[in-house]
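Taking it in order: structure first as structure tokens, then the write-up.
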Amino acid sequence: MPLRLHDTATREVRDFVPLRPGHAGIYLCGLTVQSAPHVGHVRSGVCFDVLRRWLEVRGHEVTFIRNVTDIDDKILAKGEEQGLAWWALTAVTKRQLDEAYALLNVAPPTYEPAATAHVPEMLELIGELIDRGHAYPAADGSGDVYFDVASWPAYGELTRQRVDDMEAAEDADPRGKRDPRDFALWKGAKDSEPRTASWPSPWGRGRPGWHIECSAMAGKYLGDAFDIHGGGVDLRFPHHENEQAQSRAAGQDFASYWMHNAWITTSGEKMSKSLGNSLLVPNVLERVRGVELRYYLVASHYRSHVEFSFEALDEAAAAYRRVEGFLERAGGTPAGDLPDALPDAFAIAMDDDLGTPAAVAVLHDTVRAGNSALAAGGDAAAEATAVRAMLGVLGVDPDDPAWGGRSDDRLTGVVDALVAGLLEERARARADKDWARADDIRDRLKAAGVEITDTPDGPTWST
RNA sequence: GGUGGGUUGGCCGAGAGGCGAGGCAACGGACUGCAAAUCCGUGUACACGGGUUCAAAUCCCGUACCCACCUCCA
């Protein structure tokens with residue numbers, strides 16, 4: 001059963017055939033580091049982290065590149081607004097982003113190139129496009145360089161749009177463009193902009209356009225042809241269309257597969273800063289743990305719209321705790337990840353364009369089977385191992401050190417001793433049939449966040 | 001105007017011609033001193049109107065509503 005992935009370019013789910021057997025190269029458009037990340041931003045990171053994990057299970061060595069856009073109009077504007085140097089703003093925002101990814105157990109990419117560190121590569125690519133007749137410096141002396149859309153007949157193929165049908169942007173400033181649809185490869189510096197935000201080029205000082213960054217960096221780290229290019233759906237046009245046009249016009253094959261994750265909306269609308277701070281990752285994590293948020297994201301398909309709600313988030317957290325509860329009851333499992341322990345149905349679901357919802361259903365089926373075995377007095381080691389293997393693929397294994405593990409062993413020891421004392425007291429009360437006293441102890445522990453579970457082998461507790 | 005996606009039970013969320021994914025919640029039963037946890041059981045859901053078919057949530061036609069992109073937004 002081959003792994004099949006949905007390719008936006010062909011609009012179908014097709015077999016994944018890597019350019020080099022046993023290897024997969026992925027380029028994911030990262031974020032523009034101009035503001036703190038919200039839940040929607042990290043969904044992309046989580047979706048492609050799951051893809052990466054699954055490719056690895058399937059025996060591929062994965063080279064995963066995720067860029068950082070650290071120079072653009074908004075960054076300059078925001079920096080000025082906040083009285084910060086633009087590069088100071090991006091440094092702070094980048095740290096927030098790293099933290100958000102870490103809180104959701106999104107593995108760091110193989111390499112994370114920053115746009116500002118790759119200006120020479122971009123200039124080289126722009127020069128190549130000019131030489132080939134697909135780009136031109138603006139005639140108005142602005143120092144801008146544009147891609148010549150009319151010179152590339154395939155333009156529009158990724159999103160299947162005809163150039164003539166496209167609505168020209170109303171606010172498009174034609175400046176030195178030959179056609180309003182031509183887009184900037186290089187933007188000449190303006191006097192109002194800080195000098196640190198421009199670099200020398202054959203066309204005068206300036207800075208790169210957005211699209212050229214990704215073409216240059218993907219080419220540098222993955223080569224002229226690579227397997228998968230990913231990002232959010234909104235990037236299909238113009239960003240990805242433009243990237244593909246540039247790279248192919250420069251003679252590169254570029255991506256074999258295009259994968260796009262869907263949105264998270266709130267109140268039916270796209271998440272944005274105007275909706276307030278409530279959905280920033282650190283704020284959401286005041287309500288649920290990182291692993292629970294990640295479970296919520298992974299439980300729906302990456303190409304499906306998710307309407308974010310705290311109610312749904314709470315439900316997901318409850319479902320996840322059920323799984324955790326099973327693992328605790330089942331006792332320990334052998335260490336290490338065990339792809340061999342993955343149920344077939346789980347693998348089939350994942351092979352079908354990362355069918356995480358069906359995969360999660362298998363997870364729950366296995367948990368129920370394990371719980372049944374335990375309820376019947378048997379052992380559930382096989383189920384527990386399978387569950388942990390599945391959770392590992394989804395990046396939500398509770399024992400993954402990424403979640404921080406036991407916060408403080410000494411403290412845990414202290415609490416354990418205190419709770420043990422109270423449980424002994426309760427056991428005496430129960431033996432005396434002093435139910436009021438027994439229940440009082442249980443209620444007080446519960447109020448403190450300690451849940452008591454009576455088992456045939458005596459009570460256990462968890463937080 | 002062009003392009004793409006959607007509308008599934010109280011809620012979330014899969015599926016894509018026949019066999020009721022899974023979760024959360026609810027109700028009944030088992031277990032328990034009572035609970036909790038767990039197990040067992042309980043649902044004739046697929047926007048609307050037509051059509052095709054032995055069979056439609058799934059295909060076709062039409063309608064309504066929603067969303068995204070065509071602006072340097074994951």
Side-chain angles (χ1 to χ4, degrees), chain A residues 8 11 28-32 34 37-48 69 71-75 156 159-162 164-172 181 183-184 187 208-211 213 230-239 241-242 260-265 268-273 295-296 299-301 303-307 309 311-320 322-323 325-326 328-329 345 349 355-365 367-368 370-376 430 433-435 438-439 442-443 446 451-456 459-460 462:
Chain A
T8 307
R11 288 196 291 191
L28 173 64
C29 283
L31 298 187
T32 298
Q34 49 121 346
H38 55 59
V39 176
H41 288 130
V42 292
R43 182 183 190 192
S44 177
V46 168
C47 288
F48 285 92
T69 297
I71 181 73
D72 83 333
D73 291 346
K74 281 188 185 166
I75 288 172
T159 48
R160 304 196 179 204
Q161 300 184 88
R162 297 205 341 246
D164 294 340
D165 288 336
M166 293 179 196
E167 222 169 57
E170 284 178 23
D171 62 345
R181 284 157 292 219
F183 54 90
K187 308 178 79 156
W210 179 34
H211 318 297
E213 300 170 11
V233 275
D234 59 321
L235 297 182
R236 281 178 309 188
F237 194 92
H239 186 50
E241 188 72 70
N242 291 356
H260 295 278
N261 65 275
W263 291 104
I264 295 188
T265 56
E269 283 176 40
K270 223 161 120 165
M271 280 191 188
S272 69
K273 282 129 278 155
Y295 173 88
Y296 173 59
S300 54
H301 190 85
R303 283 193 288 120
S304 292
H305 232 317
V306 169
E307 168 71 15
S309 75
E311 293 72 22
L313 182 64
D314 290 342
E315 285 179 11
Y320 182 73
R322 180 182 145 82
V323 177
F326 162 65
E328 278 168 24
R329 249 169 282 121
T356 54
V360 167
V362 177
L363 172 73
H364 286 290
D365 287 342
V367 166
R368 189 178 321 99
N371 275 330
S372 293
L374 290 175
R430 293 180 76 202
K433 299 214 190 303
D434 182 355
W435 308 128
D439 290 351
R442 186 172 65 198
D443 292 346
K446 185 166 184 176
E451 195 83 34
I452 302 302
T453 304
D454 289 319
T455 74
T460 64
S462 61

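Because only heavy atoms are used, hydrogens play no part in the values below, and waters and symmetry mates are left out as well, while side chains stay in. In the text below, chain A, chain B and the rest are named by the order of the sequence lines, each starting its count at 1.
Closest contact between the side chain of A:His38 and the listed nucleotides B:A74, B:G13, B:C12 involves B:A74. The side chain of A:Lys74 lies closest to B:C73 when the candidates are B:C72, B:C12, B:C73. Comparing B:G22, B:C11, B:G4 against the side chain of A:Ala361 picks out B:G22 as the nearest.
Annotation: of the two residues near RNA chain B, A:Arg162 and A:Ala299, the 5′-most nearest-nucleotide partner is A:Arg162. Nearest-nucleotide positions on RNA chain B for A:Glu213 and A:Gln161 put A:Gln161 closer to the 5' end.
Pairing of B:C72, defined by two Watson-Crick or G-U wobble distances under 3.5 Å, is not identified with any nucleotide. B:G4 is paired with B:C67 under the criterion used here, namely a Watson-Crick or G-U wobble arrangement in which both key atom distances are under 3.5 Å. With a cut-off of 3.5 Å on both pairing distances, the Watson-Crick or G-U wobble partner of B:C54 is B:G18.
Looking at heavy-atom distances under 4.0 Å, A:Gly30 makes contact with sugar-phosphate atoms alone, never a base. Counting non-hydrogen atoms under 4.0 angstrom, A:Ser309 reaches nothing in the nucleic acid. Using a 4.0 Å heavy-atom criterion, one finds that A:Arg236 contacts the sugar-phosphate atoms exclusively. Residue A:Gly231 is classed as a sugar-phosphate contact, given heavy-atom separations below 4.0 Å to backbone atoms only.
When rounded to the nearest whole Å, the span between CD of A:Glu241 and P of B:A68 equals 21 Å. The interatomic distance linking A:Phe237 (CZ) with B:G4 (C1') rounds to 13 Å, in whole Å. Here the P atom of nucleotide B:G5 and the NE2 atom of A:His301 are 13 Å apart, to the nearest Å. The distance between atom NE2 of A:His305 and atom P of B:A68, rounded to the nearest whole Å, is 7 Å. When the P atom of B:G23 is taken as reference, atom CG of A:Asp365 falls 7 Å away, rounded to whole Å.
One finds no salt bridge joining A:Lys446 and A:Asp443 here, because no Lys/Arg side-chain nitrogen approaches an Asp/Glu carboxylate oxygen to under 4.0 Å.
Note on A:His41: a side-chain N or O is less than 4.0 Å away from OP1 or OP2 of B:A74. Taking only side-chain nitrogens and oxygens, A:Thr69 never comes nearer than 4.0 Å to OP1 or OP2 of B:C72.
Under the rule for a side-chain contact (heavy atoms from CB on, under 4.5 Å), the partners of A:Ala349 that lie at least two apart in sequence or sit in another chain are A:Ala358, A:Ala359.
In terms of modelled atom types and a separation under 3.5 Å, the side chain of A:Arg43 and the main chain of A:Trp263 share a donor-acceptor contact.
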Between protein and nucleotides 43-48 of chain B, map the contacts as a letter string: B base, S sugar-phosphate only, - none, heavy atoms under 4.0 Å, written 5' to 3'.
------
Going 5' to 3' through nucleotides 29-38 of chain B, assign each nucleotide B (protein heavy atom under 4.0 Å from a base atom), S (under 4.0 Å only from sugar-phosphate atoms) or - (no protein heavy atom that close).
----BBBBSS
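Nucleotides B:G49 and B:A64 place their P atoms 15 Å apart, quoted to the nearest Å.
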